[in-house]
Amino acid sequence: MTIDKSLKVKRGMNTNRSVLTRVERLKVLQENGRWEEGDSPLGLPKVRVRKLTMKKKKKKAKEEEGES
């Protein structure tokens, strides 16, 4: 059986993922103090994934400064 084209990884992981692996979830929970070493890794609480967005620079403000 072959893998469907939509399931193949293209150019690494360039897109934001909406699901974290268990190890990534444990790191986030440890940083927030919601999980400590020795606790069960099963039945972990949900962790919100923060998506980063790039802000566009304002060109108008720079143009106005150059004209003045």
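For the single chain, residues carry numbers from 1 onward in sequence order.
Of the candidates D39, L20, L44, L44 is the only one forming a side chain to side chain contact (heavy atoms under 4.5 Å, CB included) with L26.
Contact detail for R25 and P45: the closest heavy-atom pair is NH2-O, 2.8 Å.
Here the side chains of R22 and L42 are in contact, with some heavy-atom distance below 4.5 Å.
Listed by chain and number, the residues in a side chain to side chain donor-acceptor pair (under 3.5 Å) with Q30 amount to none (sequence neighbours excluded).
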